[in-house]
There are 2 protein chains.
Amino acid sequence: MKQITKYVIKNSLKRIFLYRSCLVRLKMMGVEKVFSYTLANETGVTPDQVRKDFSEFGIKGNKRGGYKINELLDIMENLFHRNKDHNIVLIGMGNLGLALSKYSKFVQRNMNIVATFDIDPFKQKIRSDITVYSMSRLKEIIDRFRVKVAILAVPEISAQEVADDLVRHGIKGIVNFAPVLLKVPPDVIINNVNLCDELESVIYYVHKQLKVEGLKNLEILYKDMKY
Amino acid sequence: MKQITKYVIKNSLKRIFLYRSCLVRLKMMGVEKVFSYTLANETGVTPDQVRKDFSEFGIKGNKRGGYKINELLDIMENLFHRNKDHNIVLIGMGNLGLALSKYSKFVQRNMNIVATFDIDPFKQKIRSDITVYSMSRLKEIIDRFRVKVAILAVPEISAQEVADDLVRHGIKGIVNFAPVLLKVPPDVIINNVNLCDELESVIYYVHKQLKVEGLKNLEILYKDMKY
DNA sequence: GAATTGATGTGAAACAAATCACAAAATATG
DNA sequence: CATATTTTGTGATTTGTTTCACATCAATTC
């Protein structure tokens, strides 16, 4: 049964990512230990929140001793399966797809785009350093590399069709850049990234802010904005 | 005073964007009227939620008559200031910046990238159709086009520095693609888009899901065995 | 034109997330 | 070794969000 999976990444998970990137930075600076308030300061949240988040993910520290950065990072690596490599496929080698295929940060985090696909693989091959396959070889590659997660960067008109293919071939998670709500079985995770909405919401809040500043009434705004 | 603005787009606002894109589609199909449950079905939420969201943004329908799509869209256009054009600057013409500069959906929604910037404008000019300015002309362009919102697609190492420049020159909102938490005055809106996190969180949930399904199978197995 | 139907709009209730407050534990101090 | 200090971990409380339930209104039917 296909349906729209209204899937939202939990804020607590987003914050864990935040803490981690902060920990990596601190580690590089030679720091070995953090307290909840260190992390809080660095990430703009409250110390309580840090501890609650850790508790949610089963992360324990040492009373009075804070947290050892190495231990924290180990736990997080495990939590996010970062010890293993993750094979990803990328569908759609337009401007955005091309940029994503070259995005070096994925590799740094053990997420490897093992293959990219496009309806017109020859046209795109010129611009790309890595292999662009035709859509007909999707199943073959997904099977060979045991791919479970895909990035979808195709035009919205073909997004659903491609998503259907992906699901049929065993994909269980999709980061979808097309501005459409994909209908998939309930066991498939969809994470929609809508660039227009991201930009537009900033415009919305900026306008609101400017208006409020005119009224010299910041209270309403702060409530709305969740610092 | 500079600080980390942990800024999160409200879910209700995200849903309003969802409703709108759905309304646009329905309008194109010739539909003139919707009910809360129509929108709910199309967007994977509940009818109550649709009505509550509308109520939050002051949108009223007609008892029994549902909502006229044209009226809804008008209200939303106003709400999001879509009647006016919005001038945006884009900083950083690497792979991602280049793709964003060519992203046609922004223009379709009245968000115009009036200029792009890079520390090495000459190198990037080759690949880009639109003008790439050197960073020294930032203030001039921002002033001339009355720009309030910027897209930041520079390497993380220079993100804070560029953000400081932007704020100094009057930018009030930033969509930040660099994986760093920018420190800005509290009246500046930062919306962080972290592509790695988006991908990684899908991997996290997929793994979790597979684990749970494994457990479910186990349960079924035990049930079947009837002790 | 009274009765019925079908939708909205919104308080109330249930649920979820964030903050508070403090006990518990580990370390430091005298 | 007792006391003070510091920081974690987590129930309790508050705050925020979603769902429920129903009064209200407009259209339709008889």
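Sequence lines set the chain letters: A, B, ... in the order given, protein chains first and strands last, and positions in each chain run from 1.
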Undergrad: If only side-chain N and O atoms count, and only distance matters, is there a donor-acceptor pair under 3.5 Å linking Lys27(B) with Asn70(B)?
TA: yes
Undergrad: For Glu56(B) and dG9(C), give me the distance from atom CD to atom C1', rounded to whole Å.
TA: 14 Å
Undergrad: Does a donor on one side chain and an acceptor on the other come within less than 3.5 Å for Gln160(B) and Asp164(B)?
TA: yes
Undergrad: For Lys10(B), is there an ion pair with Glu56(B) - N to carboxylate O distance below 4.0 angstrom?
TA: yes
Undergrad: Is there a donor-acceptor contact under 3.5 Å linking the side chains of Asn95(A) and Tyr103(B)?
TA: no
Undergrad: Does the pair Asp197(B)/Arg109(A) count as a salt bridge with the N-to-O cut at 4.0 Å?
TA: yes
Undergrad: When you measure from the side-chain N and O atoms of Gln49(B) to the phosphate of dT19(D), is any distance below 4.0 Å, counting only OP1 and OP2?
TA: yes
Undergrad: What is the separation between atom CG on Asn11(A) and atom C1' on dG16(D), rounded to the nearest whole Å?
TA: 12 Å
Undergrad: Could you note down all residue pairs passing side-chain hydrogen bond (donor to acceptor under 3.5 Å, both in side chains) where residues 171-181 of chain A supplies at least one of them, sequence neighbours left out?
TA: Lys172(A)-Asp187(A), Asn176(A)-Asn192(A)
Undergrad: Between P on dA7(C) and CG on Leu72(B), what's the gap in Å once rounded to a whole number?
TA: 16 Å
Undergrad: Treat primed atoms plus P, OP1 and OP2 as sugar-phosphate and everything else as base, then score nucleotides 6-14 of chain D 5' to 3': B for base contact with protein heavy atoms under 4.0 Å, S for sugar-phosphate contact only, - for none.
TA: BBBBBBB--
Undergrad: Please state how far atom OH in Tyr19(B) lies from atom P in dT8(C), giving the value in whole angstrom units.
TA: 12 Å
